[in-house]
Amino acid sequence: MKIETTGLKSFIDNEKIERLLSEAKGTDKKEVNRILDKALLKKGLDLAEVAVLIQNDDQELIEKMYHTCHRIKQEIYGNRIVLFAPLYVGNECINDCVYCGFRLSNKDCFRKTLTKDELINETKALENSGHKRLIMVYGEHPMYDADYIADTVRTVYTVKEKNGEIRRVNINAAPLDVEGYKKVKEAGIGTYQIFQETYHQETYERLHPSGPKSNFLWRLYGLDRAMKAGIDDLGIGALMGLYDWRFEVMGLMMHAEHLEETFGVGPHTISFPRIEEAQGSEFTKHPINAVSDADFKKLVAILRLAVPYTGLILTAREDIELRNEVLDLGVSQIDGGSNIGIGAYSHEDEEEYKKSQFILGDTRTLDEVILELAKHGYIPSFCTACYRLGRTGEHFMELSKPGHIKTYCQPNALLTFSEYLLDYGSEESKKAGAKLIEKEIKEYPESEMKTNLLKKIEELNAGVRDLYF
Ligand code: SAM
Ligand code: SF4
């Protein structure tokens, strides 16, 4: 793969970001209120408005912003939370990202790439816990080229353990060239996710000193190439703590705008992981731009209002308490029962396999996560219907923008949750789940959809699987 960036110009306009952030300081309350009212229209916010919300420090208005988020989340997404798990395939890496335990110069890193049999065992372990959606994660290494990624994805799709199967594989890997993306697309991936880490080029270049990842523009245009290869289901993200979070939120917005303007489709998801301590990385012990819990909540809320139809992903890097708090602000996807050691799902009790890229804040099992979600009135969803029915990219936008997410996703969440409870639920989660499902069905408006939904739930109880709208 040849890394070629001649002729490309960054679409991240530092000057504009800094100007908007500076102009937004001290904006009067009336204007902030106007922006919050506009957000309720669910049409999103422009960059200048996002800057105003970022700079707003008035606690009363911040609380009002949280209420607005909660309303928007309810109206668009309902009380559904999509669940997934990361599957680390290999941690060989030729880059030297200062914050990552897998970086080339970390000689203490326990390097491992799953063999095909190990990959199958990991998949079986994930299926046996009830997972249906994975994100497969790879270091950057010539070994993990597009053919390899496509091959490992195919392997995962072939594994069927009892009633278990993986129905959607997303990818978090290095950016590819157009030919590479085409190969990976053919293997049937869902989202291709690439985090820009930081949108501040100078900082980026300092923190990624060598290897292919040191090329800022190659990564920045990584998802443009994916679009050109026909992958219209993309995930963007910034690693919070590398540079000022205010700049990163503006960078994420500019990236989303760029994709929407260039290809007519914005990102499907946005991630905003915070730096966690990584083995052998001094940098991660005291990140200069570490984001406080209060700022983290604020940034999640701002993203929810700015791009109401884009999925927001929160990972188990965060601890349980904060995870619960931001769920209410509009996060739509979380991982559960995550293990990020290579081979760790099938070797849960072996110390060696626990060595990982960084340390997780939430180490609950999937069933524990599900039980807590259900107790708080959230419907855990393993739905993969849209991607399997081709409702992605532009089609997805057409469906989702008028608010159809709720129409399709809510019944599909109930179906996949029922399926989980039947096959994998503990006694406690079965009890909490049944209560929640009963309540949801009672409140579901009388309609043809309701009749069909009830019919499908009966079929699930009779042993049929994988039902969706
Ligand atoms: N190697 C590929 C890449 O860098 O894009 C994909 C895999 S990499 C393991 C996935 C993501 O992990 C990175 O994009 C980065 O944002 C995140 N990451 C790395 N070190 C981290 C740390 N110490 N804390 C939290 N997230 C981290
Ligand atoms: Fe390698 Fe990705 Fe870690 Fe960087 S973040 S060292 S590219 S695995």
Side-chain angles (χ1 to χ4, degrees), residues 3 86-113 134-146 148-149 152 170-176 180 184 191-199 203-205 207-216 218-220 222-223 226 234-243 245 248 251-252 269-287 289-291 296 313-319 335 338-342 355-362:
I3 294 187
L87 171 50
Y88 277 64
V89 183
N91 65 2
E92 296 290 342
C93 196
I94 53 171
N95 291 317
D96 220 13
C97 316
V98 301
Y99 46 80
C100 180
F102 297 164
R103 72 190 186 286
L104 182 65
S105 62
N106 184 11
K107 300 297 174 220
D108 295 332
C109 175
F110 167 68
R111 304 270 166 199
K112 180 154 179 63
T113 301
L134 301 185
I135 181 148
M136 291 173 69
V137 185
Y138 309 74
E140 180 160 1
H141 193 276
M143 239 161 60
Y144 312 142
D145 61 7
Y148 176 84
I149 294 176
T152 48
N170 299 331
I171 299 290
N172 185 316
L176 302 172
V184 176
T191 310
Y192 203 101
Q193 186 184 65
I194 301 173
F195 302 159
Q196 186 59 28
E197 319 297 10
T198 170
Y199 284 95
T203 305
Y204 182 97
E205 284 164 359
L207 302 179
H208 303 92
S210 62
K213 194 164 164 181
S214 59
N215 189 325
F216 178 81
W218 178 252
R219 196 166 180 93
L220 191 64
L223 293 174
L234 304 172
I236 64 173
L239 182 56
M240 295 296 169
L242 301 184
Y243 192 64
W245 67 268
E248 305 297 12
L252 286 165
T269 57
I270 298 184
S271 302
F272 30 83
R274 282 195 295 187
I275 292 197
E276 294 296 326
E277 187 171 339
Q279 180 216 21
S281 164
E282 277 306 307
F283 179 89
T284 57
K285 287 192 177 144
H286 314 282
N289 289 295
V291 181
F296 187 71
I313 302 182
L314 182 78
T315 69
R317 289 174 179 87
E318 302 301 339
D319 62 28
D335 53 342
S338 293
N339 256 320
I340 58 172
I342 313 230
K355 293 184 181 158
S356 60
Q357 188 194 5
F358 47 81
I359 298 153
L360 291 181
D362 181 355

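Both ligands and their constituent atoms are indexed starting at 1 by order of listing.
Taking a cut-off of under 4.0 Å to the non-hydrogen atoms of Lys213, the atoms of ligand 1 that pass are 3 (C), 4 (O). For ligand 1, the atoms closer than 4.0 angstrom to any heavy atom of Val137 are 7 (C), 9 (C). Of all atoms in ligand 2, listed by their number and element, those nearer than 4.0 Å to a heavy atom of Cys93 are 1 (Fe), 6 (S), 7 (S), 8 (S). Which parts of ligand 1 touch Gly139 is read off a 4.0 Å heavy-atom cut-off, strictly below it: atoms 1 (N). Against a heavy-atom cut-off of under 4.0 Å, Tyr138 is close to the following atoms of ligand 1: 1 (N), 2 (C), 6 (C), 7 (C). Near Gly139, meaning under 4.0 Å from one of its heavy atoms, ligand 2 places the atoms 8 (S). Near Ala278, meaning under 4.0 Å from one of its heavy atoms, ligand 1 places the atoms 23 (N). If you number the atoms of ligand 2 from 1 as listed, the ones under 4.0 Å from a heavy atom of Lys213 come out as 2 (Fe), 4 (Fe), 5 (S), 7 (S). Within the listing of ligand 2, atoms 3 (Fe), 5 (S), 6 (S) sit less than 4.0 angstrom from a heavy atom of Cys100. Close approach to Arg103 involves these atoms of ligand 2, each under 4.0 Å from a residue heavy atom: 6 (S).
Counting only heavy atoms from C-beta outward, the side chains of Tyr138 and Met136 approach each other to under 4.5 Å. The closest side-chain heavy-atom distance from Val291 to Phe272 is not below 4.5 Å. Using a 4.5 Å heavy-atom cutoff, the side chains of Ile194 and Asn172 are not in contact. Taking 4.5 Å as the limit, some side-chain heavy atom of Leu242 sits within range of a side-chain heavy atom of Tyr99. Counting only heavy atoms from C-beta outward, the side chains of Val89 and Val137 never approach each other to under 4.5 Å.
Taking distance alone, with nitrogen or oxygen atoms compared against 3.5 Å, Glu277 stays at or beyond that limit from ligand 1. Residue-to-ligand polar distances keep Tyr88 apart from ligand 1: every N/O pair is separated by 3.5 Å or more.
Only side-chain heavy atoms of Phe195 come within less than 4.0 Å of ligand 1; its backbone N, CA, C and O stay farther off. With a heavy-atom cut-off of 4.0 Å, His141 does not touch ligand 1 at all. Only the backbone of Arg274 comes within 4.0 Å of ligand 1, judged by heavy-atom distances. Counting heavy atoms closer than 4.0 Å to ligand 2, residue His208 contributes nothing at all. Contact annotation: for Leu239 versus ligand 1, heavy atoms closer than 4.0 Å belong to the side chain alone.
Minimum interatomic distance between Pro86 and Ser338 (heavy atoms only, all atoms of both residues): CD-OG, 3.1 Å.
Residue contacts with ligand 1: Pro273 is excluded, as none of its non-hydrogen atoms falls under 4.0 Å. Ligand 1 is approached by Ile275 to a heavy-atom distance shorter than 4.0 Å.
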**Report entry** Stepwise salt bridge (charged side-chain N to carboxylate O under 4.0 Å, His left out) test for Lys112 and Glu92
**Finding:** CA-CA 7 Å; Lys112 180 154 179 63; Glu92 296 290 342; over 6 Å; no
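Under 4.0 Å is where a charged nitrogen must lie from a carboxylate oxygen, and between Arg274 and Glu318 at least one such pair does.
Listed by chain and residue number, Arg317, Phe358 satisfy the side chain to side chain contact (heavy atoms under 4.5 Å, CB included) test with Glu276 (two or more places apart in sequence, or in another chain).
When ring centroids are compared, His141 and Phe102 stay outside the 6.0 Å threshold.
The only member of Ile135, Leu239, Ile313, Leu252 that meets side-chain contact (heavy atoms from CB on, under 4.5 Å) when paired with Ser271 is Ile313.
Between the side chains of Asp335 and Thr315, not a single donor N or O lies within less than 3.5 Å of an accepting N or O.
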